[in-house]
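Accompanying notes for the structure given below.
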Protein chains: 2
Amino acid sequence: MVVLTLPPVEDPEAPAAARAPLVLAVPRDHQPYAGDWSLPGGLVGADEGLEAAVSRVLADLARDSHAQILAEPRHLEQLETFGAPGRDPRGRVVSVSYLALLGAPVPLTGRAAWQPATAPPPLAFDHATILASALDRLRAKLSYSTVAYGLLADSFTLSELQGVYEAVLGRTIDKRNFRRKLAALELLEETGGQRRGPHRPASLYRFASGGLVLLDDVITT
Amino acid sequence: MVVLTLPPVEDPEAPAAARAPLVLAVPRDHQPYAGDWSLPGGLVGADEGLEAAVSRVLADLARDSHAQILAEPRHLEQLETFGAPGRDPRGRVVSVSYLALLGAPVPLTGRAAWQPATAPPPLAFDHATILASALDRLRAKLSYSTVAYGLLADSFTLSELQGVYEAVLGRTIDKRNFRRKLAALELLEETGGQRRGPHRPASLYRFASGGLVLLDDVITT
DNA sequence: ACAAAAGTGTTCAGATTACACCCATGG
DNA sequence: CCATGGGTGTAATCTGAACACTTTTGT
């Protein structure tokens with residue numbers, strides 16, 4: 001289970017790539033790999049669907065961390081399945097990895113913690129591989145779908161949306177071109193609300209079609 | 001295991017969509033779903049990797065069908081993992097599906113047979129879902145990668161390559177634009193060989209980089 | 001008034017589309 | 001000599017990239 005999110009913007013002057021994704025990790029205190037971090041996971045019950053097991057793992061995490069929002073990620077999708085013999089020294093384990101996206105790094109009270117996803121601490125088993133595959137998938141999907149919604153609140157400003165693209169793709173995007181392209185795609189609708197601050201207020205938007213939409217091609221501007 | 005290929009061109013006048021992909025299927029003679037067709041598969045051994053199990057299943061198929069080529073598909077990749085309880089009435093089964101591509105529908109001597117993938121006979125279990133997901137993936141991937149190589153021989157003419165795109169995408173493509181784009185991508189190299197027939201000989205090409213290459217975007221012409 | 005982010009057009013280059021004819025060979 | 005598929009160019013349009021200033025608010 002790879003749970004990813006983006007930290008809030010701290011230094012607006014910092015390069016886009018500096019706002020790196022965070023991943024939810026749990027420290028291991030038993031062998032093997034004691035002291036390393038691991039991605040949360042769990043066994044699938046004998047009569048449990050894969051999605052059901054994912055929900056259960058997330059619900060447990062939410063309880064342990066006193067962060068209810070973890071139980072309802074904004075986006076959830078299956079990634080790869082890993083089954084090399086020897087990936088767990090204790091015996092044969094096949095793991096079906098899932099990607100969960102959250103709108104913000106909610107504070108966690110338990111042992112789980114947010115770690116930088118692009119430069120994580122040492123990870124147990126083949127979890128570094130699993131994490132890398134999740135990040136690749138996320139980056140690829142930003143380009144041809146609306147997955148960005150998974151990393152935002154229900155309503156958001158155009159600058160916030162642009163910030164998600166910049167943070168995940170690791171480069172800056174031209175504001176005017178970004179907005180023009182977005183307007184042409186007709187995916188967003190104004191909520192009517194505004195985000196206020198020590199500056200001109202920004203209109204809030206939402207994705208017109210709640211969930212994931214695949215595009216022919218691409219936000220690359 | 002979804003093994004796909006394309007039939008040879010029969011009527012050059014027929015619309016591109018008429019050359020529909022074929023899928024390798026095996027008739028079931030036991031309950032449940034006796035009389036239906038199923039996708040080939042097998043159990044993963046206790047100390048066997050997933051890829052190793054796939055190779056074994058393919059090798060068995062190749063032996064039963066007297067078609068050695070089945071054991072070495074041109075392309076192989078993991079697809080989705082299916083684990084809903086009740087997908088097999090006999091008990092809990094989790095299936096990791098794989099996509100294998102072949103350059104041609106080799107003749108089969110055993111019980112396995114080629115079936116039209118887009119309008120298959122009744123399929124057992126959730127195999128229709130698995131097949132549909134494989135076709136979706138193949139179509140999507142043609143647009144942003146060189147998977148087409150999986151459905152061709154080692155060397156091929158530009159018209160054959162174009163035929164793969166037309167058959168899988170189900171529409172015709174302009175010959176001159178297709179070739180111009182391909183030239184710009186610099187993915188192909190001439191083998192020096194020629195394909196002869198009752199017409200001007202065609203130069204043979206191969207993909208310069210043996211395997212799969214992902215493109216920024218797209219052959220859409 | 002000043003700082004901060006929101007919002008908005010135009011120009012240029014490269015890419016994509018549409019479109020039709022001659023060429024080389026086998027039979 | 002004819003049928004068959006192989007191979008090639010150009011003009012019109014669309015799309016993507018680069019680029020800077022004015023507006024609205026909070027303090």
Side-chain angles (χ1 to χ4, degrees), chain A residues 8-16 19 142-144 152 155-167 169 171-186 188-205 215-221, chain B residues 8-16 19 142-144 152 155-167 169 171-206 215-221:
Chain A
V9 183
E10 272 167 23
D11 177 3
E13 302 297 302
R19 192 174 161 226
L142 264 198
S143 301
Y144 63 85
L152 289 163
S155 65
F156 48 84
T157 68
L158 295 180
S159 296
E160 287 165 357
L161 176 57
Q162 183 175 342
V164 169
Y165 277 87
E166 294 186 333
L169 300 179
R171 61 191 175 80
T172 57
I173 297 175
D174 180 85
K175 180 159 60 155
R176 284 165 294 187
N177 293 341
F178 182 76
R179 287 169 186 230
R180 178 159 353 105
K181 193 147 192 174
L182 226 43
L185 291 173
E186 295 187 323
L188 300 181
E189 57 187 27
E190 291 199 49
T191 65
Q194 295 193 319
R195 174 96 66 230
R196 306 185 76 85
H199 53 72
R200 177 169 171 178
S203 300
L204 291 173
Y205 292 80
L215 311 175
D216 270 358
D217 70 326
V218 183
I219 291 177
T220 30
T221 297
Chain B
V9 183
E10 273 168 23
D11 177 4
E13 302 296 301
R19 192 173 162 226
L142 265 198
S143 300
Y144 63 85
L152 290 163
S155 65
F156 47 84
T157 67
L158 295 180
S159 295
E160 287 166 356
L161 177 57
Q162 183 176 341
V164 169
Y165 277 86
E166 293 187 334
L169 300 179
R171 62 192 174 80
T172 57
I173 297 175
D174 179 86
K175 180 160 57 157
R176 282 166 294 190
N177 293 340
F178 182 75
R179 286 167 187 232
R180 178 158 352 118
K181 192 146 192 176
L182 226 40
L185 292 172
E186 296 186 323
L187 295 167
L188 300 181
E189 59 190 23
E190 291 199 50
T191 65
Q194 295 193 318
R195 173 95 68 231
R196 306 184 76 84
H199 53 73
R200 178 171 173 176
S203 301
L204 291 174
Y205 293 81
R206 71 169 73 89
L215 311 175
D216 271 358
D217 70 326
V218 184
I219 291 177
T220 31
T221 298

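All chains are named by letter (A, B, ...) in the order of the sequence lines, taking the proteins before the strands, and each is independently numbered beginning at 1. Computed from a prediction, not measured in an experiment: that's the story for all the values here.
Put simply, Ser159(A) has a side-chain N or O that comes within less than 4.0 Å of OP1 or OP2 on dA6(C). Phosphate proximity of dA15(C) to Lys181(B): absent, as no side-chain N or O sits under 4.0 Å from OP1 or OP2. Not one side-chain nitrogen or oxygen of Ser203(B) sits closer than 4.0 Å to the OP1 or OP2 atom of dG6(D). The side chain of Arg179(B) places an N or O atom within less than 4.0 Å of a non-bridging phosphate oxygen (OP1 or OP2) of dG7(D).
Side-chain atoms of Arg180(B) come within donor-acceptor range of the base of dT17(C), with a qualifying N/O pair under 3.5 Å. A donor-acceptor contact under 3.5 Å is not formed by the side chain of Arg200(B) with the base of dA3(D).
The minimum heavy-atom distance between Arg19(B) and Pro8(B), with the atom names listed, is NE-C, 3.9 Å. Nearest heavy-atom pair across Thr172(B) and Glu166(B) is CA-OE2, 3.4 Å. Residues Tyr205(B) and Leu158(B) come closest through the heavy atom pair CE1-CG, 3.5 Å.
Along DNA chain C, the nucleotide nearest Pro198(A) and the nucleotide nearest Leu158(A) are compared for position; the residue whose nucleotide lies closer to the 5' end is Pro198(A).
Regarding Ile173(A), its CD1 atom lies at a distance of 13 Å from the C1' atom of dG16(D), rounded to whole Å. Taking atom CG of Asn177(A) as the reference point, atom P of dT11(C) lies 15 Å away to the nearest angstrom. The nearest whole Å value for the distance from the CZ atom in Phe178(B) to the C1' atom in dG7(D) is 14 Å. Here the P atom of nucleotide dC19(C) and the NZ atom of Lys175(B) are 16 Å apart, to the nearest Å. For the pair Leu204(A) CG and dA5(C) P, the computed distance is 16 Å after rounding to whole Å. At whole-Å resolution of the value, CG in Leu182(A) and C1' in dA6(C) are 15 Å apart. What separates CG of Leu185(A) from P of dT15(D) is a distance of 12 Å, to the nearest Å. Taking atom CZ of residue Arg176(B) and atom P of nucleotide dC22(C), one finds them 13 Å apart after rounding to whole Å.
Counting heavy atoms from C-beta outward, Arg179(A) and Ser159(A) have side chains that approach closer than 4.5 Å.
The side chain of His199(A) sits closest to dA4(C) out of dG5(D), dA4(C), dG7(C).
In this structure, the side chain of Glu160(B) does not engage the main chain of Leu152(B) through any donor-acceptor pair within 3.5 Å.
Counting any heavy atom pair closer than 4.0 Å across all strands shown, Arg196(B) reaches sugar-phosphate atoms only and no base atom.
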